[in-house]
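Since the structure comes first, as structure tokens, the remarks are kept for the end.
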Amino acid sequence: MTKADLVFTRGPVHTGDAARTRATGLAVTGGRITAVGHDEVRDLIGPGTEVVDLTGKLLLPGFQDAHIHAVFGGTELAVCDLTGTVGVADYLERIRAYADANPDQEWITGSGWSMESFEGGLPTRQLLDSVVPDRPVYLTNRDHHGAWANTRALELAGVDRDTPDPADGRIEREADGTPSGVLQEGATGLVARLVPPVTAADRLEGLLRAQRLLHSLGITGWQDALLGEFNGQPDPSDAYLTAARSGALTARVNGALWWERERGAEQIAELVERRAGSAHGRFRAGSVKIMQDGIAENFTAAMTSPYLDGCGCATANSGLSFVDPLALREYVTALDALDFQVHFHALGDRAVREALDAVEAARTANGRRATRHHLAHLQVVHPDDLPRFARLGAIANIQPLWAAHEPQMDELTIPFLGPERASWQYPFGALLRAGATLAAGSDWPVSSPDPLAGLHVAVNRREPEAEDDRVFLPEQRLDLASAIAAYTAGTAHVNGFDDAGVLAPGLLADLVVLDRDILTGPPEEIASARVLRTYVGGELVHAAE
């Protein structure tokens with residue numbers, strides 16, 4: 001009997017296999033799982049076998065992320081980081097300190113401020129001017145759908161009261177029309193185009209920095225949701241190819257090639273060419289990202305009925321559909337015929353319906369193909385559209401961390417949706433009951449990439465350590481096993497890694513060891529668990545100190 005390279009003993013092992021969900025032992029040989037069981041697995045221990053005792057721990061399939069921006073997140077960790085606080089004074093102190101520490105930088109850039117920190121979700125250029133008056137400052141918010149600029153940055157970009165709003169964005173303005181300092185959606189590009197570009201070396205360093213972080217969180221693979229040039233940001237694809245060719249890419253990555261929304265079907269031939277040139281080792285780019293709408297907090301998510309104003313009356317604004325819905329059907333049908341997966345950003349209920357209509361058009365024209373189209377975010381889903389996911393084979397790509405009561409939800413979203421539409425938010429439970437396949441992701445750096453925090457919110461519908469004891473739409477909670485499946489088997493499926501996501505003989509040994517069995521512990525303590533070890537193909541890529 002061939003002895004194993006690696007054996008885990010004295011489980012629990014959560015396999016994710018519906019036929020046998022629990023085991024106590026697992027063996028790995030040559031990067032793949034060779035046995036899952038109980039005491040008999042110990043027979044595979046030989047003189048050269050590494051043995052991991054799981055007493056008091058839990059072995060799971062490695063987590064995957066179905067929607068993440070790893071290179072962007074990794075590079076942002078090296079600039080002015082405003083995450084981890086919502087205090088305006090804290091923001092300004094961090095910005096001042098960063099500027100003082102980097103006196104030779106032409107531009108002060110960074111990310112992570114939260115709309116909830118400012119009245120109406122809108123900071124001002126004057127606040128930035130008070131700490132950095134002499135150099136341009138450009139800071140994206142935590143959801144990356146808006147940016148905060150100081151007066152100097154707006155002047156250099158030539159953005160003034162006479163500058164029209166672009167078709168896919170909005171310049172927030174003072175009473176006399178002067179730009180106030182916030183740029184929404186496509187308007188961010190008016191200033192972003194002047195920001196000194198991130199170099200190829202910066203992008204590679206950002207990817208490797210991100211990979212270390214993600215492995216430390218138990219993540220073994222992901223789908224990068226934006227490979228292409230966007231709002232002045234360079235294409236991160238080169239970082240993946242460089243890392244893959246050198247062997248530095250230890251994660252499994254599928255990339256989503258950016259659909260340029262101001263263009264049409266003429267770009268499909270370019271996408272085919274890019275796909276062919278974007279495959280090496282553990283990296284490939286077999287998906288196309290179409291951003292159909294914006295976000296609810298700045299009223300650009302596409303809704304089937306108008307947003308409300310502060311008094312609860314209907315406005316004239318129902319959000320933005322960035323791609324014409326009829327053209328979207330044509331594009332998706334053509335991409336599907338070429339075996340591209342389509343990765344939709346669809347946040348409002350109209351965008352969700354438009355994306356599903358496009359998938360339906362593709363299915364009607366091409367039949368059912370193994371293209372695994374998926375809709376990410378799904379903040380507001382009309383009840384009539386819930387059963388369409390299973391019927392069309394459209395995967396629900398959920399970001400669980402957002403499904404909780406917090407100021408951005410309670411102050412900047414619910415009042416402007418109204419009671420009925422607010423009750424349609426993040427319908428994870430309803431989607432699962434309707435037969436949809438769930439995959440899970442984080443949208444990092446928009447929010448934390450920690451899968452354990454995401455699992456916590458998916459199950460509890462409350463943020464970890466939240467002082468607010470309200471449960472956000474409790475009927476939409478997931479049981480923990482289903483939530484884990486979304487972060488493992490479901491995401492492996494959407495990412496096209498068919499031999500991962502479940503612990504069974506013959507499959508890849510992509511594994512994570514937690515410090516406790518979260519399946520038997522209190523649900524309110526899920527986020528307290530910690531990752532001890534992460535393996536990709538049986539190779540240890542992270543060990544907690």
Please confirm whether the backbone N or O of [Y] pairs with a side-chain atom of [X], one donor and one acceptor, at under 3.5 Å?
X: Q399; Y: H377; value: yes
X: S447; Y: W444; value: no
X: Q211; Y: A248; value: yes
X: R363; Y: L392; value: yes
X: S482; Y: L478; value: no
X: R94; Y: T83; value: yes
X: R282; Y: T250; value: yes
X: R530; Y: A527; value: yes
X: R252; Y: F283; value: no
X: D293; Y: L320; value: no

| How long is the span from the CG atom in L122 to the CE atom in M115, to the nearest 0.5 Å? |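 Reported to 0.5 Å precision, the distance equals 6.5 Å.
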
| request: To the nearest 0.5 Å, tell me how far F299 CZ sits from T315 OG1. | output: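 F299 atom CZ to T315 atom OG1 measures 8.0 Å (nearest 0.5 Å).
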
| message | Test of understanding: with side chain to side chain contact (heavy atoms under 4.5 Å, CB included), list the residues that count as partners of A239, not counting sequence neighbours. | response | V71, R203, L207

| field | side chain to side chain contact (heavy atoms under 4.5 Å, CB included) partners of L58, counting only residues at least two apart | value | P12, H14, R22, L60, L514, D517, I518, L519

| task | Please check if the distance between the ring centroids of H345 and H145 is under 6.0 Å. | result |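 Yes; H145 has its ring centre under 6.0 Å from that of H345.
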
| Given the side-chain rings of W258 and F230, with only the six-membered ring counted for Trp, is the space between their centroids under 6.0 Å? | yes

| said: For residues 490-509, which residue pairs pass the salt bridge (charged side-chain N to carboxylate O under 4.0 Å, His left out) check, not counting sequence neighbours? | reply: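 Residue pairs passing salt bridge (charged side-chain N to carboxylate O under 4.0 Å, His left out), neighbours aside: R32-D499, R372-D498.
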
| Under 3.5 Å, is there a donor-acceptor pair linking the side chains of Q341 and S287? | yes

| said: side chain to side chain contact (heavy atoms under 4.5 Å, CB included) for Q476 and L431? Distances and angles first, verdict last. | reply: CA-CA 9 Å; Q476 301 302 344; L431 284 163; over 6 Å; no

| Can you list the residues that meet the ring pair (Phe, Tyr, Trp, His ring centres under 6.0 Å) rule with Y535, with sequence neighbours excluded? | F8

| ring pair (Phe, Tyr, Trp, His ring centres under 6.0 Å) partners for H69, two or more places apart |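 H69 satisfies ring pair (Phe, Tyr, Trp, His ring centres under 6.0 Å) with H67 only.
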
| task | Report the residues that fulfil side-chain hydrogen bond (donor to acceptor under 3.5 Å, both in side chains) with H144, sequence neighbours left out, ordered by chain and then residue number. | result | E76, S111

Under-4.0 Å salt bridge between [X] and [Y]:
X: R421; Y: D349; result: no
X: R20; Y: D17; result: no
X: E360; Y: R391; result: yes

| request: Can you establish whether the number of heavy atoms outside E539 located under 6.0 Å from its atom CD is more than 12? | output: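 Result for CD/E539: open.
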
| Out of E406, E463, R477, M409, which residue meets the side chain to side chain contact (heavy atoms under 4.5 Å, CB included) rule with F472? | M409

